[in-house]
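Both ligands and their constituent atoms are indexed starting at 1 by order of listing. Start at 1 with the first residue, then count along the sequence. Quick note: numbers below take in every heavy atom, side chains included, and nothing from hydrogens, waters or symmetry partners.
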Amino acid sequence: MSHNKETHVFQTEVKQLLKLMIHALYSNKEIFLRELISNSSDALDKLRFEMVSNDALSEGERDLVIQLDFDKEAKTITLRDNGIGMTRDEVIENIGTIANSGTKKFLEKMTGDQAKDSHLIGQFGVGFYSAFIVADKVTLRTRKAGTAADQGVEWVSAGDGEFTLETIEKAQKGTEIVLHLKDEMDEFLTDYRLKNIVTTYSDHINFPIQMLEEVSVAADNDEAEGEGEGEDKQTVTEKQWKQINKATAIWTQPKSSLNDEDYNNFYQTISHDFEKPMSVMHNKVEGTLEYISLLYIPSKAPFDLYDRDRRYGLKLYVKRVFIMDDAEHLMPAYLRFVRGVIDSNDLPLNVSREILQSNQVVDKIRSASVKRVLDQLAKLSKADDQTDYETFWDQFGQVLKEGLIEDYANREKLAKLMRFATTHTGDKAQRVSLDDYVSRMKESQEAIYFIVADKHTAALGSPHLEAFRKKGIEVLLLSDRIDEWLVAHLTEFDAKPLKSITQGDIKEFAEDEASLSDDEKKQRTDLVEKVKAALGDQVEEVKMTTRLTESPACIVAQEGGITPHMAKLMEQMGQAMPKIKPVLELNPDHALVKKLASLEDESKLKDWSLFLFEQAQLAEGDQLASPADFIKRVNNLLSSAQ
Ligand code: ADP
Ligand code: MG
């Protein structure tokens, strides 16, 4: 044993994670190989990138390869790469402690459903530990490219909470991982199985993955002479490294030479997703700008679509050299679900994130890529079979809505992609486009009407819809958190304004009032004044409504002002909001309102007015200032009705 051997303890979260790997994640256990190959590929990418400016790092090895081997007797699998390698400190940092904020989140997201949970491993960037799904001991030997041969490091762990570190001699730069398989994992100790996993998950890794193969070669001359006289040429079998994957940058191949499986396979490699993608867009652009883009729309949202610090964006390559993951400047945030690769011929190899932020080439590639994705979505949205677009909308609709707020230039295109529930069916799952809505608009209809509420059922049950229903005017039912912001930005569509039915006056109903006699008008103004006096400064105004047919009262926000729903959202986000006084509208045809008009007793009138105001608030889903007082009042009213 060497004097420099140290024992370290894993962080608590790593321990938990390891436990999971060891005991829980048995379905899809073969993903360990995909994860380790993906790490080797990253290490080779990094080395190739560094070699551009420092050729010495190659240490005389031109070919960057990954080698996979196994030993049936020893029950080990070995994966080797001659990539960038790690220093002792890097080993501790990368695979000893997980500074990675992903781990904690990963542990929180665990569902107990093995199939789902194993999906999550790769996405969280905790891929290395998947080795412990199949191994009860892992030995990793690594040396950073460019360091001396005696600067190698050996990391050993049985996944039980500790690992040891030791400085070793390692002639070749890069990393070698030996998996000591658990007893029940013998299935992986065959050529066939390993090859199959590699071609399934890692066929389009950019570097050759090699395995040993027995080949017949002509026997050595010395031995052949003399003994073998008169016989045919002698052969012996020998093991040679043979490439088992395609190892081509798939995006550089012509479309005609690629099939669905090729595209899906590459998608799964870069996305760590098990599902097939919904759409693939592969384009080679030539002219003033030269680049290739291979973009995917996934069919399923990743768990962390809404995490603020989630990594997103595309992989950026420059002239086939990998530059960076998660190049977020290549896609706007609202298209963060798009996966893929951009390979540019125009950017410098030393391009940094800072340069990407304000670079004309990047801007052009980005806007062309956005256009491609939006056009593809438009195509899906118009397809005869709507299944795909509906799936897409379920998974990513809310994120796409952010585009209406962020991306002014594409607002029209985006608006056409939006889907909303409406009173046309009332069903939350049956969504319509704004084009559909417009095609059903009444000739005289002034606006596209919508209502925003916390929940679909609240929108659908709102008393504000009554007159719209009666007149057969369709109303969009909006209940996503983002919808209030969406309608603040999407103020018109197809030259028609979007208008909230809970705010200001509705022009469609104006004429109804004009038909009143002077007497009726006077009665109404009197009642309005009485109620206004009874409610005092709790309301901004009291009015007779044109919106209601069944309910006695409703609450309306002032035209142009901030809606109560918006105010509520802002408060939930910790923003102090000035108290907005609502407008109370009364339904003159309702029995309760008629009764109210006939009340002489002032305290009774006050109770009735308050009661109408409170039930209107309840119908909006608002909290009452004093629920206890409300109940008392209702009880009083009920008992006096006897
Ligand atoms: P991720 O690949 O998402 O970063 P992993 O758990 O798969 O997460 O790997 C953790 C880190 O360990 C990597 O980011 C890398 O720094 C390091 N690492 C793993 N395998 C290798 C390797 N073969 N060569 C060099 N570094 C590696
Ligand atoms: Mg990894």
Could you go through residues 131-144 and list every donor-acceptor pair under 3.5 Å that involves a side-chain atom there, pairing it with any protein atom two or more places apart or in another chain?
unit_1, atom_1, unit_2, atom_2, d
Thr139, OG1, His180, NE2, 3.3
Arg141, NE, Glu154, OE1, 2.8
Arg141, NH1, Glu176, OE2, 2.9
Thr142, OG1, Met86, N, 3.0
Thr142, OG1, Gly174, O, 3.3
Thr142, OG1, Thr175, OG1, 2.9
Arg143, NE, Lys170, O, 2.8
Arg143, NH1, Glu59, OE2, 3.0
Arg143, NH1, Thr147, O, 2.5
Arg143, NH2, Glu59, OE1, 2.8
Arg143, NH2, Ala171, O, 2.8
Lys144, NZ, Glu90, OE1, 3.2
Lys144, NZ, Glu90, OE2, 3.0

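When non-hydrogen atoms are compared, ligand 1 lies under 4.0 Å from the side chain of Asp81 (C-beta onward) but not from its backbone.
Between Asn245 and Phe207 the shortest heavy-atom distance is ND2-O, 2.9 Å.
Inclusion of Ser38 in the first shell of the Mg ion (ligand 2) is not supported: no N, O or S atom falls under 2.8 Å.
Between the side chain of Asn345 and the main chain of Tyr291, no donor-acceptor pair closer than 3.5 Å is present.
Looking only at atom types and distance, the side chain of Ser130 has no donor-acceptor partner in the side chain of Glu35 under 3.5 Å away.
Considering both main-chain and side-chain atoms, Asp42 never comes within under 3.5 Å of ligand 1 through any nitrogen or oxygen pair. Not one N or O of Ile95 is nearer than 3.5 Å to an N or O of ligand 1, by distance alone. The shortest N/O to N/O separation between Asn94 and ligand 1 falls below 3.5 Å.
More than 12 non-hydrogen atoms from other residues, nucleotides or ligands lie less than 6.0 angstrom from NZ of Lys413.
Atom 18 (N) of ligand 1 has its nearest heavy-atom neighbour, among Glu35, Lys46, Met86, in Met86.
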